[in-house]
Amino acid sequence: MIKFTECLNDTWDYFFLGDPSKLSLFKSDNNLSNNLISEFTENNSGDLVVEKGALIPLSGIANYPYHIFFQINSEDSIFDNNENDLQFKRVGYFLEIVNQEIYLMTIPYLKNWTEENGINSLKSNGIRPKINLEKRIL
């Protein structure tokens, strides 16, 4: 399990979980504009990005500092003991990873999703929660 502390959602009530490379492929494959937030809210691409496993939306997250935990194996959850305040838990999502990295993203990154403004900005900002995954062939 990997823990990130003091994570903020940039004053929006959303986080998004995903691989920036997969999100860029989705954007290209679906001929979307750089403003992915507008695309996701003004047409069916918001449902499609989730259905295709390019992003997982984490909605209704108040703007407080959070501890974010990435758990990628079958360890017992820290939330099993009911001592922690779990803010978001959903099942049934899948996430496709094409570049062995998962980032926790916020709306400002998705408003201008280009190689420079979205991906490189996200990756160069060392404070964004990120986890590297080992390559697995299933």
Inset, instruction - Could you pull out all residues at least two apart from Thr114 that satisfy side chain to side chain contact (heavy atoms under 4.5 Å, CB included)? - result: Asn34, Asn112, Glu116, Asn117
Check residues 46-56 and write down every donor-acceptor pair under 3.5 Å in which the side-chain atom is one partner and the other belongs to a residue at least two apart or another chain.
none

Legend entry - Residues that Ser24 engages under side chain to side chain contact (heavy atoms under 4.5 Å, CB included), provided they are two or more places apart: Trp113, Ile119
Legend entry - Same cluster (ILVMFWY, side-chain, under 4.5 Å), Leu36 and Leu25: no
Inset, instruction - Return the set of residues passing salt bridge (charged side-chain N to carboxylate O under 4.0 Å, His left out) with Lys22 (not counting sequence neighbours), or none when no residue passes. - result: Glu96
Inset, instruction - Can you sort out the partners of Asn43 under side chain to side chain contact (heavy atoms under 4.5 Å, CB included), two or more places apart, ordered by chain and number? - result: Glu39, Ser45
Inset, instruction - Please confirm whether the backbone N or O of Ser21 pairs with a side-chain atom of Asn99, one donor and one acceptor, at under 3.5 Å? - result: no
Legend entry - Chi angles and distances behind the side-chain contact (heavy atoms from CB on, under 4.5 Å) call for Thr106, Phe15: CA-CA 5 Å; Thr106 55; Phe15 284 114; 3.8 Å; yes
Inset, instruction - Please check if the side chain of Asp19 supplies one atom and the backbone of Ile102 the other of a donor-acceptor pair under 3.5 Å. - result: no
Legend entry - Sidechain-backbone polar pair: Asn35 side chain, Ile37 backbone, donor-acceptor under 3.5 Å: yes
Legend entry - Shortest non-hydrogen contact between Glu101 and Pro20, atoms and distance: O-CD, 4.3 Å
Inset, instruction - Evaluate the side-chain contact (heavy atoms from CB on, under 4.5 Å) criterion for residues Met105 and Leu110: first the C-alpha distance (whole Å), next the side-chain angles of each, then the deciding distance (0.1 Å), finally the verdict. - result: CA-CA 8 Å; Met105 300 174 243; Leu110 302 180; 4.2 Å; yes
Legend entry - Within one Ile-Leu-Val-Met-Phe-Trp-Tyr cluster: Leu95 and Tyr109, side-chain cutoff 4.5 Å: yes
Legend entry - Members besides Phe94 in its Ile/Leu/Val/Met/Phe/Trp/Tyr cluster (side-chain heavy atoms under 4.5 Å): none
